[in-house]
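So that the names make sense, note that chain A is the first sequence line, chain B the second, and so on, each numbered from 1.
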Protein chains: 2
Amino acid sequence: MGALDEGHFNAELENGVNLGGCVELGLEGGEPETPAIEDAVRVLLQGLGEDINREGIRKTPLRVAKALREGTRGYREKAKDVVHSALFPEVGLDNKIGHAGGAGGLVIVRDLDLFSYCESCLLPFHIKCHVGYVPSGQRVVGLSKFSRVADVFAKRLQDPQRLANEVCKALQHGIKPAGVAVVLQCSHIHFPKFESAFLDSNHEGWIKLLVSSGSGVFEDGKADVWADFLSLLRFRGINTANIHANGSDQCWCPSHSFTKIAPANSAMMSAVASILRSLGEDPSRKELIGTPARFVTWLMNFQNCNLEMKLNGLVRNQRDSMKPDGDISFGEEHLCSELNLPFWSQCEHHLLPFHGVVHIGYYCAAGGIPIGRSLLQSIVHFYGFKLQVQERLTRQIAETASSLLGEDVMVVVEANHTCMISRGIEKFGSNTATIAVLGQFSTDSTARAKFLHSIPNSCQSGL
Amino acid sequence: MGALDEGHFNAELENGVNLGGCVELGLEGGEPETPAIEDAVRVLLQGLGEDINREGIRKTPLRVAKALREGTRGYREKAKDVVHSALFPEVGLDNKIGHAGGAGGLVIVRDLDLFSYCESCLLPFHIKCHVGYVPSGQRVVGLSKFSRVADVFAKRLQDPQRLANEVCKALQHGIKPAGVAVVLQCSHIHFPKFESAFLDSNHEGWIKLLVSSGSGVFEDGKADVWADFLSLLRFRGINTANIHANGSDQCWCPSHSFTKIAPANSAMMSAVASILRSLGEDPSRKELIGTPARFVTWLMNFQNCNLEMKLNGLVRNQRDSMKPDGDISFGEEHLCSELNLPFWSQCEHHLLPFHGVVHIGYYCAAGGIPIGRSLLQSIVHFYGFKLQVQERLTRQIAETASSLLGEDVMVVVEANHTCMISRGIEKFGSNTATIAVLGQFSTDSTARAKFLHSIPNSCQSGL
């Protein structure tokens, strides 16, 4: 069971508060831990060079504190009670050989969307959770309880394999079935670093990891019952023993690949350690020792340096080089576009990532020199790597692109916001589009339609 | 704005309690309305011929009461406060012609999964909600607020068009933008009636309806800004005026097509009216007058009549006719299967629908007469149309099929449970698989694998 020893586990089961829906949520503002987190977030914002009294981020410390407390409420919940209240008698087979119902009939709950916080870097990660069990003792458990128990452990700082083990063990203890199987498909956002984002155009946005855990009849990863389970997860022909090397010490979190740790900002590091303590964690736990340094390193990607100044120089130079001799004959213009320029950014309301693609449409004179995709990508990265809101990002890209491309510019930004899934509303599939229209695009609906129709379905672009 | 007049709307905005996460959830057991709903549910269970002290349904009245109160918590919530706390200053364009940021840049939040209760039949329906607005006054609203406001109105007894109108109007009032657009894709489960389920093998399981509502610059359904909005919803070329005849009196709920209303059970009808009152509704409201009759008619599909008795006779006759003279030579057996037999059922823990498909595998002797799909479909319907749990349904189908098909039978049931989405956990994409294995299948993993691999990906079967 990996990092989890028996004593630690039982303490977790016993010490939590009762799990009754989302009772915690309404009370969090008044919890003693919340102001401590708020103070720490103020230190982080100041470390980023932000004015903490600026309107957009004035309440960010409170929002972050509430979101973090809510996102880690599993520390204050008890898996045992969840299960015990929902065991139902259910007979098995009557005078026949085989397994069914409350005596041996495999039950699988698939595709539970969860999220958790990565203990290595404090960013949320997404989990598609599949749970199965083989009933015994002529009793079954209410189906919704798998989701509730998994959530008790997901709502903590986690590592995928430990999460799978903890969910598996809690269900085994709570239901006492013939066996429990857990398979988690985890996705961790993978930001390029600010410096390399401009160079690496093929950066892969996600780290994916498939882990499993089994107890009882599922203890042996090669048992036949695993084949039944995996068949119904559509992972046909996959051997659980190969899913992930159980017990491997290699951490999946991309923050471990940071080669350059930012110059130590000891106030920011202490602030992150203080947040860990406020969430109920021990910052000296082995897996958490490097977390403050990794989180601060990542956060400093979004430092409020004066990017606009640099960018203005870049754009002016580029514009001059585009019109070398001023005698290009401007004939009929045609619609040009650059689609699916990836961006990564940080929501200033919640200090959580949002990311997606930018589409830029503009008119290019016949005979004009086409603008390079890489320059537009640079503009996108410049405005992405800071504390942002999507509406502002869209406007800033449009304004800057316009100074390069002429007055007729349209920008569409399509994004997934982590804050839409990792807080109370948990809208996993939702995404957001924003539009800025400049010049001709603001009055010409045909031009807008022509550009909008050229944008591919965002489902295909990985949103 | 259809059924919604100004006075009614304002009262709803003012009278609710503050919306803070899911504060209500933990308190519901103690609310005075809950015992009244429990009493009403007991009457309904008795009307179905159930023993209300039976272990599986003993706590069903409490579960139903909590789920209904939680699912209609919007009556006690106030949309206005949700929005007001999350307006952020955001400038528009600087010295350029056009629209962007907090002054005219269209913002769209797509694919918010919600559910609501149909006011005509009290069954939950699913909503894919898309909201857009055009900011004005140099301010934008936090993205998560669209989901929270939509949820305030979704968590009531609703009709799709009224829901769209209410969400649109609340956002217009709360944000005071240039305009708000709402598009809802609604899906309502469509049960076949018990009697006709056996005849109609092509019954369509869902009623779908697309509705829209617009205010401000979206008030005119033909306005250009609708084209931008719909393009980004991937509804390209659709005219909102055609989405749904706004103001049409025709109700989408399939319960309106019930030709035969069940013999009036006045105690059950009164119980449903009492539930409506306990949720904060007026049972004499025009749209609710027929609701108790429609709900009771639908519920009586799951009456606990002694189906097993009838079915045993059916199966015995069929079996006799299959072996007319007893001298069929049994050679080598081969694996047969009937896949994707649809079923509809009612979760006895929550009185909520679950539905999906059943796959049956068995061995057929070479030269044996193949069993008809329609007989297996009848068995599935027999066990579906009652208060059930999926584990029991799976076992019962396996046992009955076995008395017809021989001792080597495997049954897989794949289902969506409304109780997994319409209560606290709201796991929209999740689904459940259960297995029963009889005879040879319980020991022969190769046989199981062969059958499991023949089951098509359930995504394709509409689960």
Spatial distance of atom OG (B:S144) from atom NE2 (A:H349) [nearest 0.5 Å]: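 NE2 of A:H349 is found 10.0 Å from OG of B:S144.
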Pairwise distance CZ(A:F354) to CG(B:L143) - rounded to 0.5 angstrom: 8.5 Å
Over 12 foreign heavy atoms within 6.0 Å of CD, B:Q185: yes
A:V140 versus chain B, the contacting section by heavy-atom distance below 4.5 Å: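 Contact with chain B: side chain only.
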Portion of A:D94 that has a non-hydrogen atom of chain B nearer than 4.5 angstrom: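 Backbone plus side chain of A:D94, per the 4.5 Å heavy-atom cut-off to chain B.
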Measure distances from [X] to the heavy atoms of chain A and classify the residue's part below 4.5 Å as side chain, backbone, both or neither.
{"X": "B:A398", "value": "neither"}
{"X": "B:Y133", "value": "side chain"}
{"X": "B:S231", "value": "side chain"}
{"X": "B:R392", "value": "both"}

Minimum-distance pair of heavy atoms, taken over all atoms of A:L452 and B:D228: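 Here A:L452 and B:D228 meet closest at CD1-CA, 3.6 Å.
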Minimum heavy-atom distance between A:S442 and B:G98, given as atom pair plus value: CB-CA, 3.7 Å
Full working for side chain to side chain contact (heavy atoms under 4.5 Å, CB included) between A:V409 and B:K96: CA-CA 11 Å; A:V409 169; B:K96 288 182 197 282; over 6 Å; no
Aromatic centroids of A:H99 and B:F441 separated by under 6.0 Å: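 No.
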From CA spacing to verdict: side chain to side chain contact (heavy atoms under 4.5 Å, CB included), B:R110, A:T432: CA-CA 6 Å; B:R110 304 181 287 203; A:T432 307; over 6 Å; no
Expected output: side-chain A:E391 to main-chain B:E90 donor-acceptor under 3.5 Å: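 Answer holds: no.
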Please determine, among [options], the option with the most heavy-atom pairs under 4.5 Å with chain B.
{"options": "A:E399, A:K59, A:K128", "result": "A:E399"}
{"options": "A:A433, A:C129, A:A436", "result": "A:A433"}
{"options": "A:N95, A:L232, A:V412, A:V437", "result": "A:V437"}

Contact leader toward chain A among B:V389, B:I97, B:L106, where contacts are heavy-atom pairs under 4.5 Å: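 Ranked by contacts with chain A, first place is B:L106.
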Heavy-atom side-chain contact between B:D111 and A:N431 under 4.5 Å: yes
Side-chain heavy atoms of A:D224 within contact of B:R448, under 4.5 Å: yes
Intermediate values then yes/no, side chain to side chain contact (heavy atoms under 4.5 Å, CB included), A:R395 and B:V91: CA-CA 9 Å; A:R395 173 181 62 77; B:V91 300; 3.3 Å; yes
Side chain to side chain contact (heavy atoms under 4.5 Å, CB included) between A:L93 and B:L438, intermediate numbers included: CA-CA 9 Å; A:L93 285 175; B:L438 271 63; 3.8 Å; yes
